[in-house]
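Read the numbers this way: they start at 1 and go in the same order the structure lists the ligands and their atoms. Hydrogens, waters and symmetry mates play no part in the numbers below; they use all other heavy atoms, side chains included.
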Amino acid sequence: MARRKRRLSQAALADRYELYQRAVQNPELEVALLEQFYREAFGARARPRTLREDFCGTAWLAATWSASHPRRRAWGVDLDPEPLEWGRVHNLPRLGPSVMRRVTLLQGDVRQVETPGADIVCALNFSFCALQRRSALLDYFRHARNQLAPRGLLVLDLLGGTATWDVAEDVREVDDSGIFYYWEQAEFDVLSHHMLAHIHFEFPDGSRLEQAFSYHWRLWTLPELRDLLHEAGFAEVRFYNEVFEEGEDEEYLSPTGRYQRVERMENQEAWVVYIVALNARGGE
Ligand SMILES: C[S@@+](CC[C@H](N)C(=O)[O-])C[C@H]1O[C@@H](n2cnc3c(N)ncnc32)[C@H](O)[C@@H]1O
């Protein structure tokens, strides 16, 4: 008698890197922001060509950067060979051979890997928070500065706000797919600002991919970052906050995906701020 095949759940069939990219990343928006930060630092006609994406994971941003202009090139650096290989197999080939030639992926610690002087070095999605000791982060900032062209930017982003300094869970649907993305802040220690966070996914068939990714982070504060960046030799540090607008529901302000430079900022429940550190003092 023929045995009935057991159908695998959607969670068992899922690719966690693909899900991560769909749920978390928007590289086109990030390329536009990097261009904006560079223009605002070095003049309306300044055009960045080279990007080093630190903590790059699958290097989707590095790939998108190189695809955005035929004279652009990028380096991606990550400790873990697995996401780098995933990026080589999935992200690079679909952009064609000319883009592939302009992206170099390197496995190693971001504090050690050397690359040619780049216009922009970035460490996004809060990934530098994996460096939890002050001396480790300072080493990283010094090394990142040494990987920049004389007129170059280090760009970071940071998550903060009252709701993030706590245990919490946030859930949202991934682009109308019926798949739900969970961001769980499982532990938060006020003394060290150590956070343990997990990403989980839930599928239309009810199955779940638990702890698809986990992070041990120190949630740094913006003034700590500014001080460390100056200590590492950066000439100027700028902060960019998201612009919110009145949406259809007048009670709530909606995020726009646009960022503007701020000198002061009121606390909110949750915010994401971009930190832009200039290697040389800016022109504007
Ligand atoms: C949150 S993922 C970031 C992915 C991608 N940058 C993004 O924007 O979504 C963090 C990555 O940092 C890498 N990582 C952690 N510590 C590192 C280090 N010291 N040097 C290089 N990569 C590191 C991990 O292997 C992981 O792939």
S.K.: Looking at atom 22 (N) of ligand 1, what's its closest protein heavy atom, distance included?
M.R.: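 I find the closest protein heavy atom is Leu79 N, 3.1 Å.
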S.K.: Go through ligand 1 atom by atom and flag the ones less than 4.0 Å from a non-hydrogen atom of Asp109.
M.R.: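 Reading through ligand 1 atom by atom, the close ones are 19 (N), 20 (N).
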S.K.: State whether Trp65 and Arg72 meet the cation-pi test: NZ (Lys) or CZ (Arg) under 6.0 Å from the six-membered ring centroid, and within 45° of the perpendicular axis.
M.R.: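 That pair qualifies as a cation-pi contact.
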S.K.: Would you please determine whether Asp78 falls within less than 4.0 Å of ligand 1 on a heavy-atom basis?
M.R.: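 Checking ligand 1 against Asp78, which is what was asked, there is a heavy-atom contact under 4.0 Å.
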S.K.: Quick check: Val24 and ligand 1, any N/O pair under 3.5 Å apart?
M.R.: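 By distance alone, the answer is no.
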S.K.: Treating Ser66 as the side-chain partner and Arg102 as the backbone partner, does any N or O pair qualify as donor plus acceptor under 3.5 Å?
M.R.: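 Between the backbone of Arg102 and the side chain of Ser66 there is a qualifying donor-acceptor contact (under 3.5 Å).
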S.K.: Within a distance under 4.0 Å of any heavy atom of Tyr20, pick out the atoms of ligand 1 and give their elements.
M.R.: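 In order of numbering, the contacting atoms are 1 (C), 4 (C), 7 (C), 9 (O).
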S.K.: Tell me, which protein residue and heavy-atom name are nearest atom 8 (O) of ligand 1, and how many Å apart are they?
M.R.: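 Of every protein heavy atom, Asn125 ND2, 3.0 Å lies nearest to atom 8 (O) of ligand 1.
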S.K.: When Leu124 is tested against each of Leu33, Asp54, Leu61 for side chain to side chain contact (heavy atoms under 4.5 Å, CB included), which residue passes?
M.R.: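 The passing option is Leu61.
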S.K.: Between Glu263 and Arg238 (salt bridge meaning N to carboxylate O under 4.0 Å), is one present in this structure?
M.R.: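 Looking at Glu263 and Arg238, the cut-off is not met.
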S.K.: Tell me which protein heavy atom sits closest to atom 10 (C) of ligand 1, plus the residue, atom name and distance to 0.1 Å.
M.R.: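 Going by distance alone, atom 10 (C) of ligand 1 is nearest to Ser127 CB, 3.9 Å.
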S.K.: Closer than 3.5 angstrom, by distance alone: can the side chain of Glu224 be matched with the main-chain N or O of Thr221 as a donor-acceptor pair?
M.R.: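 Yes, because the side chain of Glu224 sits within donor-acceptor range (under 3.5 Å) of the backbone of Thr221.
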S.K.: Are Val113 and Phe128 connected in a single hydrophobic cluster, I mean Ile/Leu/Val/Met/Phe/Trp/Tyr linked by side-chain heavy atoms less than 4.5 Å apart?
M.R.: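 They do share one cluster, since a chain of ILVMFWY contacts under 4.5 Å joins Phe128 to Val113.
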S.K.: Name the option, out of Val113, Val110, Asp157, that contains the heavy atom nearest to atom 20 (N) of ligand 1.
M.R.: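 Heavy atom nearest to atom 20 (N) of ligand 1 belongs to Val110.
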S.K.: For ligand 1, is Tyr215 a contact, meaning one of its heavy atoms is under 4.0 Å away?
M.R.: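 Tyr215 counts as a contact of ligand 1 under the 4.0 Å cut-off.
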S.K.: Using a 4.0 Å cut-off to any heavy atom of Glu53, which atoms of ligand 1 qualify?
M.R.: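 In order of numbering, the contacting atoms are 6 (N).
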S.K.: Check whether any side-chain heavy atom of Arg151 sits under 4.5 Å from a side-chain heavy atom of Asp119, and report yes or no.
M.R.: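 No, too far: nothing below the 4.5 Å cut-off.
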S.K.: At what distance is the nearest protein heavy atom to atom 14 (N) of ligand 1, and which residue and atom is it?
M.R.: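 Here the closest protein heavy atom is Phe55 CD2, 3.6 Å.
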S.K.: Which of the numbered atoms in ligand 1 are below 4.0 angstrom from a heavy atom of Gly108?
M.R.: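 Contacts of ligand 1 toward Gly108, numbered from 1: 20 (N), 21 (C).
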S.K.: Report the distance from atom CD of Gln107 to atom CG of Asp80, rounding to the nearest 0.5 Å.
M.R.: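 Atom-to-atom, Gln107:CD and Asp80:CG are 7.5 Å apart.
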